[in-house]
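Inspection log for the structure reproduced underneath, given as C-alpha cells.
When a ligand or atom number is given, it counts from 1 through the structure's own listing order.
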Amino acid sequence: MVDNIKGVVYNIQGYSIDDGPGIRTTVFLKGCPLQCLWCSNPESQQPYPEISHSDSLCNKCGKCVEICELKAVSVDDTGVHIDRKICTNCGRCVEVCAPQALRILGKYMSVEEVFYEVNKDKQYYQVSGGGVTASGGEPLLQPDFVAALFKKCRESEIHTCLETCGFGAKTALDKVLPYTSLVLFDIKHVDSVTHQKLTGKSNEQIFRNLEYIIEKGVPIIIRAPMIPGYNDSDLEITALAQAMVDMKLKKIDLMPYHKYGLGKYKMLDRQYELGDVNKSEAKLEESKAIFKSFGLECDIVK
Ligand code: SF4
Ligand code: SF4
C-alpha cells in the first residue's frame with residue numbers, strides 16, 4: 001500500500017530551476033551515505049528528523065529546559081546547548097519555543113502527502129518542460145518511497161528526475177529506475193583513493209551503478225561539484241572528461257563551490273571540515289572549455 005510508505009523529508013522546494021529541466025519541485029530527503037567535506041546541506045546527512053538551534057533567536061525564556069524530561073537542553077549566556085548523546089529528537093522543546101530558536105529538521109511524510117504538494121505546480125511543469133526531482137541527502141536510501149512517489153508522478157504525466165550521489169544498492173536502483181525520466185548523477189572524483197578521502201567512501205560502487213543506469217537506458221546528466229584545489233585541476237578535469245567519453249555520456253553540469261551552508265553546521269553542532277576555499281569563475285570557465293574540447297555538452301549551474 002502506497003499510503004503506508006513514509007519518507008523522511010526535510011524540504012519541498014517549488015520553482016526550482018537548477019535540479020533538472022524546466023520549472024521543478026525538488027523533494028529533499030534525509031540521509032546520505034557520503035560525508036563530502038564541502039557538504040552544504042548538513043541537515044540532509046542523518047536519516048532521521050533532528051533538532052537545530054539558532055542562538056540569535058533565543059530569548060532565554062527557559063521553557064525548553066523546563067519541558068525536556070531528559071535534561072538534554074540547557075541555556076546560558078552563550079546560547080542554547082543540546083546534549084546530542086541524550087536528546088531523542090522528540091521535538092517537545094520545539095513546540096514551546098515561541099521565537100522558533102529551536103526547530104526540528106525533517107519529518108515523516110506519506111507518498112500521498114508529498115504528491116499532494118508537488119502536484120500543485122503541475123501546470124508550471126507542463127508549460128516549462130519541468131517536473132519533480134528527488135534529491136537529498138541520497139534518495140536511493142529511501143527507494144520504496146521514491147519509487148512510489150515517482151510512479152504516482154508518472155501516472156499523472158509528471159517528469160521525474162533522480163538526483164543521486166550514486167552510492168546506493170542495485171536493488172534500490174531496480175525499484176526507482178523504472179519510474180525515472182532522468183538521472184542527475186554526481187561524480188566527485190574519478191580516483192577512488194581521493195574519492196575516499198573527500199567523501200568517506202571509495203567510488204567503485206558509484207561507477208558500477210553508473211554503468212548499470214547506462215545499460216538500463218535511462219538518460220543521464222553528470223554533475224560534478226567543483227571544489228577549488230580538491231578536484232578541479234586540469235588533470236582531474238581531463239580524467240573525468242575522458243571517463244565520460246569512454247562511457248558514451250554526453251552532458252555534464254558543473255556545480256560551483258559555495259559556502260551557503262556554513263551557518264547550518266553551528267545550528268546542528270557539527271564541524272565544517274573543509275579548509276578555506278574560494279570559488280574562481282575563471283577556473284570554472286577553463287574546466288568548461290576542457291569538457292567541451294572532448295565534445296561534451298557542459299553547463300555551469302549557478
Ligand atoms: S524555548 Fe526557545 S527561546 Fe526559550 S530558552 Fe529555549 S531555545 Fe531559547
Ligand atoms: S528534542 Fe526532546 S529530548 Fe531533545 S532537547 Fe528537545 S525535548 Fe529534550
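Near P99, with a cut-off below 4.0 Å to any heavy atom, the atoms of ligand 1 are 3 (S). Listed by number with element, the atoms of ligand 1 under 4.0 angstrom from any heavy atom of G62 are 4 (Fe), 5 (S). For ligand 1 and V75, the ligand atoms under 4.0 Å from any heavy atom of the residue are 5 (S).
Using a cut-off of 4.0 Å between Lys/Arg side-chain N and Asp/Glu carboxylate O, K107 and E113 are scored as not salt-bridged. Electrostatic pairing of D83 and K71 does not count as a salt bridge here, judged by no charged N lying under 4.0 Å from a carboxylate O. Of the charged side-chain nitrogens involved, at least one lies within less than 4.0 Å of a carboxylate oxygen, so that D234 and K283 count as a salt-bridged pair.
R154 and S181 share a donor-acceptor pair across their side chains, judged by distance under 3.5 Å alone.
Cluster membership check: Y212 shares its hydrophobic cluster with M247, using side-chain heavy-atom separations under 4.5 Å among Ile, Leu, Val, Met, Phe, Trp and Tyr.
With E43 as reference, K264 is the one residue of R103, R270, K264 to meet the salt bridge (Lys or Arg N to Asp or Glu O under 4.0 Å) rule. The side-chain contact (heavy atoms from CB on, under 4.5 Å) test with L102 singles out one residue from L57, V96, V80, and that residue is V80.
Within 6.0 Å of the NZ atom in K151, the count of heavy atoms belonging to other residues, nucleotides or ligands does not exceed 12. Environment of CD in Q271: sparse, with no more than 12 heavy atoms of neighbouring residues, nucleotides or ligands closer than 6.0 Å.
Under 4.0 angstrom from ligand 1, the non-hydrogen atoms of K60 all belong to its backbone. Contact annotation: for A98 versus ligand 1, there are no heavy atoms closer than 4.0 Å.
At a cut-off of 2.8 Å, C61 coordinates atom 4 (Fe) of ligand 1 through an N, O or S atom.
Protein heavy atom nearest atom 3 (S) of ligand 1, with residue, atom name and distance: N59 OD1, 3.2 Å. Here the heavy atom of the protein found nearest to atom 2 (Fe) of ligand 1 is C97 SG, 2.4 Å. Among all non-hydrogen protein atoms, the one lying nearest atom 8 (Fe) of ligand 1 is C58 SG, 2.4 Å.
Protein atoms of type N, O or S found under 2.8 Å from atom 6 (Fe) of ligand 2 total 1.
Residue pairs that meet the side-chain hydrogen bond (donor to acceptor under 3.5 Å, both in side chains) test with at least one member in residues 217-226, sequence neighbours left out, are E163-R223, R223-D253.
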